Amino acid sequence: MERLEASIQGTIFRNEENGYSVLSVLSGRSEYTVVGALPELNPGEQAVFTGEWVEHKSYGVQFRCVSCEILAPTTVLGIERYLAGGAVRGIGPSTARQIVRHFGEETMTVLAEYPQRLTEIPGIGPKRARMIAESFASQQGARQAMIFLQSYGVPSALAIRISEHYGVSAQDVVRQDPYRLCDEMEGIGFQTADRIGLALGIPADHPHRVSSAILHLLREAAAGFGHCYLPEEDLLKEASSLLRIPAETCSRCLGALLVSRKAAAELPEDGSSRRIYLLPFLEAEKEVASCLRNLIAAISPGSFPHADRAVARFERKHRISFSASQKEAIIQSLETGVLVITGGPGTGKTTIINCILSLLQPENETFLCAPTGRAAKRMTEATGAEARTIHRLLEYSGEEGAFMRNETNPLEADCIIADEASMIDLPLMHALLRAIVPGTRLILVGDADQLPSVGPGNVLGDILESGCVPCIRLTDIFRQSGESRIVLNAHLINHGNMPVLNEKGSDFFFERKPLLREAAATIVSLVKTRLPGYFRFPDREASVLSMRNIQVLSPTKKGECGVHHLNELLQEALNPPRPSIPEMEWGDTVFRLGDKVIQTRNNYDLIWHRKTASGWEDGSGIFNGDIGFIVQVDPEGHSLIIRFDEDREVSYEPEDLADLSLAYCLSVHKSQGSEFPAVVMPVTGGPSMLLTRNLFYTALTRARKLVVLVGSEGVIQSMVQNNHVARRYTTLALRLRIKRN
């Protein structure tokens, strides 16, 4: 890291949201450009910047700053330039000249300690003097807070956010209890707060530190592993290890959290270690179980007379013949308050939905929904009826931060069909059920053998495990059964058998490339040239069509064939840098016009715009797993415009970019709910906890027309045999069985 001491000449660009600035500075006789997240600096001020020199391809040499120390101006000229720049409310160029002429080099001391003396200047009365003093104190306080935070290793952008959030009290808040940051500011985790806390000398066993760590572990268990609770013994052991203090100390702080209702505990009936929940998850499990029981009880058999005759008429009209399990699923969906229809690819789930819609409409209002935009779009294409995301169905309000549809404003529907139910996590299921009144039919459709939801809970798996909710499991294969090896191989894998590889005329191929570097190069070649030829894409459109139709899925994020490295290789191959194509760096990623990208976290506040026949439609919310393409890049403003689902455009400002990643290659988890014409997947080894049968099965069932595996038969064999499913700590199945909360 280098240091650059310079005076501020002017601000070329500044983003007020995150402080990202481009400054012109003068050091000695040389003028330079400084970029980075910085406090607001005014002409005439002196600062010491710490960072590194970089070469920008468009703007030349720049100093990329990671921290800065602001030096109070000491010369009369520097003080006048600082005050004349508008930094202090109530002082313009003329007043600045008068103040500096009167007080000289003591000006800054007067402003800070004796502001009442400003009334010595003609035209400045007591009221204006107070305004100037308050503005000066506020600005100095925010800057001191930034300098204070940076001295404890807090990055500039984060220091700006903290100082803006707490204002002049930021320094006092952080000194008294830095662990407040975890609870009160999104994006600040325990590690950041703890680094500040320990540097400030807060004792290792301080109750605030221990309580914050326990809550952090519960949140991480939910976000990283899908747990709704942790056994008390495990939680205390992890907390003790993280904090390096005795478990007994952690236990005392846990007791205080339980008393304050920041966490909740339940004692299992078998007397084992208590279950420790974050309170919202405990309440959600209780209410989901209660709502499901109420929905089941509200509709009794016989409520849809002559259902079997209606199914027979549908068969004759459409010249199809349902299997016994399909007929049972359709009839039960009409005569049951809640029904789960589960089955693998090609088992007729979509045909069943179409039949149910035909039999219920137009007399009954039926809503179709799915957890993601891509899944909802597929549902619309398959049924011809409008399907919405669950968030849109529940009328999520980004401004209010809540669903407008709930128990006091329920959905007015006779039937709700939710597809891709394996992806619905506990909080989303809780929100959906709160908006459904008893008497409404709820049909959950999904593949129970796929990976569970990314979010906390194991809703579909728990419902099936409970045995208390009517369920039909489809096993007969119908779709493309005579020609699609994808469907047949998916079912073989699901039953623990090796897939058939490279069968003549097949849509399922394997390329033997046991060396990681060879496998990565082969994947790039497949996506860039070989598969576009297979699909007969026109040469001039091959790259664009490859990005839209061919998806690389990897079981791992790291390594030669992991998500991160393959994204770099595929971006270079499909959308290389060109002088005419704008791009910008953000962290370790280069975002370029035309790039394929994915949203990695639910952001309910992002506003999208969609052009319709009647004009522009606006909505809020871009969700984890949404895939889009960059259609505009503003390198100076560090902003992007991204088009999702071919019609929704969203503006991404710098504060939103942390939730955006390249999507040429996706993890299998991120591909859930999506379907692609072709899937290419490395099978080159990795941690056994990742290379599992249900992950392999989930990846293959994302493909409609073609699968290509690249790697080793031994890895394929080990994945097929590895039927390990990571256990999630949930109690929904138990609550459904015991019929009480």
Side-chain angles (χ1 to χ4, degrees), residues 485-486 489-490 492-493 496-504 506-535 542-543 546-547 549-577 588-590 596 661-671 676-703 706-724:
R485 180 50 68 180
I486 297 173
N489 275 340
L492 283 173
I493 290 166
N497 299 313
M498 276 288 285
V500 177
L501 305 174
N502 295 338
E503 187 177 40
K504 186 176 181 181
S506 172
D507 52 9
F508 196 104
F509 298 96
F510 168 68
E511 292 232 1
R512 186 177 293 102
K513 299 291 179 182
L515 298 179
L516 292 174
R517 186 166 296 180
E518 285 186 1
T522 299
I523 289 169
V524 173
S525 174
L526 283 164
V527 177
K528 183 179 180 181
T529 56
R530 294 168 57 190
L531 293 184
Y534 176 90
F535 284 112
S543 290
S546 289
M547 286 190 276
N549 292 279
I550 304 168
Q551 184 61 58
V552 179
L553 301 179
S554 177
T556 61
K557 292 184 178 180
K558 299 179 181 179
E560 289 272 351
C561 290
V563 170
H564 301 316
H565 187 239
L566 286 177
N567 263 321
E568 292 175 2
L569 296 179
L570 290 164
Q571 182 191 43
E572 183 70 22
L574 299 175
N575 192 25
D588 296 330
T589 304
V590 174
K596 184 178 184 180
S661 297
L662 295 176
Y664 298 96
C665 178
L666 299 177
S667 69
V668 178
H669 284 85
K670 290 294 183 188
S671 73
F676 312 97
V679 165
V680 178
M681 180 179 178
V683 283
T684 52
S688 60
M689 62 181 293
L690 295 178
L691 303 183
T692 62
R693 182 189 301 173
N694 68 339
L695 182 139
F696 194 22
Y697 172 82
T698 300
L700 302 186
T701 54
R702 302 305 91 209
L706 181 70
V707 168
V708 183
L709 304 177
V710 180
S712 159
E713 294 105 320
V715 174
I716 295 175
Q717 179 75 48
S718 65
M719 292 180 77
V720 170
Q721 292 176 348
N722 183 5
N723 199 28
H724 171 74

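This structure is a prediction, so every number in the text was calculated from the model and none was measured.
Residues Leu706 and Ile486 share a closest heavy-atom pair of N-CD1, 3.5 Å. Annotation for Cys561 and Thr684: closest pair CB-OG1, 3.6 Å, computed over non-hydrogen atoms. Between Thr701 and Ala490, the shortest heavy-atom contact is CG2-CB, 3.9 Å. Across all non-hydrogen atoms, the minimal contact from Ser688 to Asn722 is O-ND2, 2.7 Å. Nearest heavy-atom pair, Lys513 versus Ala519, reported as atom, atom and distance to 0.1 Å: O-CB, 3.7 Å. Residue Leu492 comes nearest to Val500 through the heavy atom pair CD1-CG2, 4.2 Å, listed as atom of the first residue, atom of the second, then distance.
The CG atom of Leu695 sits 12.0 Å away from atom NE2 of His724, with the distance rounded to the nearest 0.5 Å. For the atom pair SG (Cys665) and CE (Met681), the distance works out to 10.0 Å, reported to the nearest 0.5 Å. The OG1 atom of Thr556 sits 9.0 Å away from the NE2 atom of His564 when rounded to the nearest 0.5 Å. The CG atom of Asn694 lies 5.5 Å from the OG1 atom of Thr698; values are rounded to the nearest 0.5 Å. Rounding to the nearest 0.5 angstrom, the gap separating the OH atom in Tyr697 from the CE atom in Met719 is 14.5 Å. We find the CG-NZ distance between Leu690 and Lys557 to be 9.5 Å, quoted to the nearest 0.5 Å.
Shown here are the salt bridge (Lys or Arg N to Asp or Glu O under 4.0 Å) partners of Glu518, two or more places apart in sequence or in another chain: there are none. With sequence neighbours left out, Glu568 forms a salt bridge (Lys or Arg N to Asp or Glu O under 4.0 Å) with no residue at all. Not counting sequence neighbours, Glu560 has no partner by the side-chain hydrogen bond (donor to acceptor under 3.5 Å, both in side chains) test. The side chain to side chain contact (heavy atoms under 4.5 Å, CB included) test applied to Arg512 returns Phe510, Pro514, Glu713, not counting sequence neighbours. With sequence neighbours left out, Tyr534 forms a ring-ring contact (aromatic ring centres under 6.0 Å, His included) with no residue at all. Shown here are the side-chain hydrogen bond (donor to acceptor under 3.5 Å, both in side chains) partners of Gln721, two or more places apart in sequence or in another chain: there are none.
Looking only at distances, no side-chain donor or acceptor of Ser506 sits under 3.5 Å from a matching main-chain atom of Asn502. Under a 3.5 Å cut-off, the side chain of Thr529 and the backbone N or O of Ser525 do form a donor-acceptor pair. Not a single donor-acceptor pair under 3.5 Å links the side chain of Asn489 to the backbone N or O of Phe508. No side-chain donor-acceptor contact under 3.5 Å links Arg702 to the backbone of Phe676. Without hydrogens or angle criteria, Gln551 side chain to Tyr664 main chain gives a donor-acceptor distance under 3.5 Å. Without hydrogens or angle criteria, Gln571 side chain to Ala663 main chain gives no donor-acceptor distance under 3.5 Å.
Side-chain contact between Pro682 and Leu566 is present, with at least one heavy-atom pair separated by less than 4.5 Å. The side-chain heavy atoms of Val710 and Val708, taken from C-beta on, include a pair separated by under 4.5 Å. Taking 4.5 Å as the limit, some side-chain heavy atom of Pro499 sits within range of a side-chain heavy atom of Ile716. Looking at heavy atoms from C-beta onward, Leu531 lies out of side-chain contact with Ser546 at the 4.5 angstrom threshold.
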task = Applying side-chain contact (heavy atoms from CB on, under 4.5 Å), run through Ile523 and Glu511 and close with a yes or a no.
result = CA-CA 10 Å; Ile523 289 169; Glu511 292 232 1; over 6 Å; no

ask   = Which is it for Gln717 and Met498 under the side-chain contact (heavy atoms from CB on, under 4.5 Å) test, yes or no, and what are the steps along the way?
value = CA-CA 6 Å; Gln717 179 75 48; Met498 276 288 285; 3.1 Å; yes

inquiry  = side-chain contact (heavy atoms from CB on, under 4.5 Å), that's the test. Do Val552 and Leu570 meet it? Break it down for me.
reply    = CA-CA 9 Å; Val552 179; Leu570 290 164; 3.8 Å; yes

key: Worked check of side-chain contact (heavy atoms from CB on, under 4.5 Å) between Leu662 and Lys596   = CA-CA 6 Å; Leu662 295 176; Lys596 184 178 184 180; over 6 Å; no

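Checking Val679, Val683, Val715, Val680 one by one against Leu709, the side-chain contact (heavy atoms from CB on, under 4.5 Å) holds for a single residue, Val683.
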